[in-house]
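FYI, the numbering just counts along the sequence from 1.
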Amino acid sequence: MIARILSISLGAILVENFILVKFLGICPFLGVSKKTDTAVGMGFAVIFVMGMASVFCWLVNYLLLVPLKLQYMQTVAYILVIAALVQFVEMFLQKTMPTLYQALGIYLPLITTNCAVLGVALLNTQYNYGLIESLVYGVMGGVGFTVAIFLFASVRERLEFADLPKAFEGFPIALVSAGLIALAFMGFSGLKIW
C-alpha cells in the first residue's frame with residue numbers, strides 16, 4: 001500500500017504534473033505567477049481545494065451517484081462540490097488573510113472553473129482510485145501545481161531584471177519560459193515507479 005501511495009504521489013507531482021504535462025490549470029498558472037508569494041498562496045489554496053474535492057467527489061460518486069445509477073451526472077455534481085469548496089476557501093482567506101485575498105484577485109474564484117481541479121476529480125473516477133488514493137492524488141496533484149507555479153514565478157521574477165530583446169519583453173518571454181519548464185518536466189515521463 002505504501003508503494004502504491006508513493007507511486008501515486010510521485011506520479012502526480014512529476015510524471016503527470018497537471019500544469020506542465022497535462023496542461024490543465026494554465027489560467028491561474030499564467031495569471032498569478034508574477035510574484036512567488038502570491039504563487040505560493042494560490043498553490044496552497046489549490047492543494048486544499050484539490051484534496052477536499054477529491055474526497056468529497058469520491059464520496060458523492062460512490063455514495064450517491066453510483067447507487068442511484070446517476071453516473072452521467074458526475075461532471076455537474078463535481079462542479080457543484082468544487083464551487084462550494086472554493087466559496088469556503090474564498091471566505092476563509094478574506095477573513096484571515098485579506099492581503100493574500102486581494103493579491104489573488106479574480107483568480108481565486110476561477111479555481112471553481114480550474115480544469116485541473118475538475119480533472120483530478122474525474123481522473124480519480126477514471127483510475128478507479130479508492131478514497132485514500134483519491135485524497136493522495138488530489139493533494140499531490142495540488143503539490144505538483146504548487147511546485148510548477150512556484151518555479152515559474154521564480155523565473156518570472158528574475159526575468160524582470162533581464163536584458164531582453166523588445167519583442168520578448170513581458171508575456172512572450174513568460175510563455176517561452178513556461179514552455180522550457182514544461183520541456184524539463186517532460187523528462188520525467190520515462191520515470192518508472194514500481
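Contact of the Val139 side chain with the Phe48 side chain is not registered, since no non-hydrogen atoms from C-beta on lie closer than 4.5 Å. Side-chain contact between Asn114 and Val86 is absent, with no heavy atoms from C-beta onward closer than 4.5 Å. Two residues are said to be in side-chain contact when any heavy atoms from C-beta on lie closer than 4.5 Å; Met42 and Val46 meet this criterion. Taking 4.5 Å as the limit, some side-chain heavy atom of Ile181 sits within range of a side-chain heavy atom of Leu20. Residues Phe18 and Leu123 have side chains in contact (heavy-atom distance under 4.5 Å, counting atoms from C-beta outward). Using a 4.5 Å heavy-atom cutoff, the side chains of Leu10 and Val15 are not in contact.
Counting only N and O atoms by type, the side chains of Tyr78 and Thr125 include a donor and acceptor under 3.5 Å apart.
The minimum heavy-atom distance linking Pro28 with Phe145 is given by the pair CG-CZ, 4.0 Å. Contact record, Ser9 with Val136: OG-CG1, 3.4 Å, taken as the closest heavy-atom pair. Across every non-hydrogen atom of Val89 and Val49, the tightest pair is CG2-CG2, 3.7 Å. For the residue pair Ser177 and Leu159, the shortest heavy atom distance occurs at OG-CD1, 3.2 Å. When all heavy atoms of Ala53 and Val117 are compared, the pair lying nearest together is CB-CG1, 4.1 Å. Between Phe185 and Asn17, the shortest heavy-atom distance links the atoms CE2-ND2, 3.8 Å.
The 12-atom threshold is exceeded at OH of Tyr62, counting heavy atoms of other residues, nucleotides or ligands nearer than 6.0 Å. Residue Lys22 places its NZ atom among more than 12 non-hydrogen atoms of other residues, nucleotides or ligands, all under 6.0 Å distant. Within a 6.0 Å radius of CZ in Phe92, no more than 12 heavy atoms belonging to other residues, nucleotides or ligands are found. Counting heavy atoms of neighbouring residues, nucleotides and ligands inside a 6.0 Å radius, atom CZ of Phe150 does not exceed 12 of them.
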*Dump the intermediate steps for side chain to side chain contact (heavy atoms under 4.5 Å, CB included) on Val147 and Leu14, then the final yes or no.*
CA-CA 9 Å; Val147 166; Leu14 300 174; over 6 Å; no

*Full working for side chain to side chain contact (heavy atoms under 4.5 Å, CB included) between Thr96 and Tyr101*: CA-CA 9 Å; Thr96 60; Tyr101 175 78; over 6 Å; no

*Begin with the C-alpha distance, continue with both residues' side-chain angles, and end with the deciding distance and a verdict on side chain to side chain contact (heavy atoms under 4.5 Å, CB included) for Met140 and Ile8.*
CA-CA 8 Å; Met140 292 304 153; Ile8 291 171; 5.9 Å; no

*Begin with the C-alpha distance, continue with both residues' side-chain angles, and end with the deciding distance and a verdict on side chain to side chain contact (heavy atoms under 4.5 Å, CB included) for Ile47 and Thr146.*
CA-CA 8 Å; Ile47 289 171; Thr146 305; 3.4 Å; yes

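Taking CG of Leu59 as the start and OG of Ser134 as the end, the distance is 9.0 Å to the nearest 0.5 Å. Atom CG of Leu85 is separated from atom CG of Leu80 by 11.0 Å, given to the nearest 0.5 angstrom. Separation of atoms CD1 (Ile5) and CD1 (Ile132) is listed at 7.0 Å; rounding is to 0.5 Å. Atom CD in Glu16 sits 11.0 Å away from atom CG in Leu24 (nearest 0.5 Å). A distance of 9.5 Å separates SG of Cys57 from CG of Leu65, quoted to the nearest 0.5 Å. Atom CZ in Arg156 sits 10.5 Å away from atom NZ in Lys35 (nearest 0.5 Å).
Of the listed residues (Val66, Val60, Asn61, Ile79), just one forms a side chain to side chain contact (heavy atoms under 4.5 Å, CB included) with Gln74, and that residue is Asn61.
Ser54 places no side-chain N or O within 3.5 Å of a backbone atom of Leu135 that could act as its donor or acceptor partner. The backbone N or O of Tyr129 lies less than 3.5 Å from a partner atom in the side chain of Trp58, making a donor-acceptor pair.
Ion pair Arg4/Glu133 flagged as a salt bridge, since at least one NZ, NE, NH1 or NH2 atom sits closer than 4.0 Å to an Asp/Glu carboxylate oxygen.
No continuous path of hydrophobic side-chain contacts links Ile82 to Met91 [ILVMFWY only; heavy atoms under 4.5 Å]. In the hydrophobic clustering of this structure, Met50 groups with Phe88; members are Ile, Leu, Val, Met, Phe, Trp, Tyr whose side-chain heavy atoms approach within less than 4.5 Å, directly or through other members.
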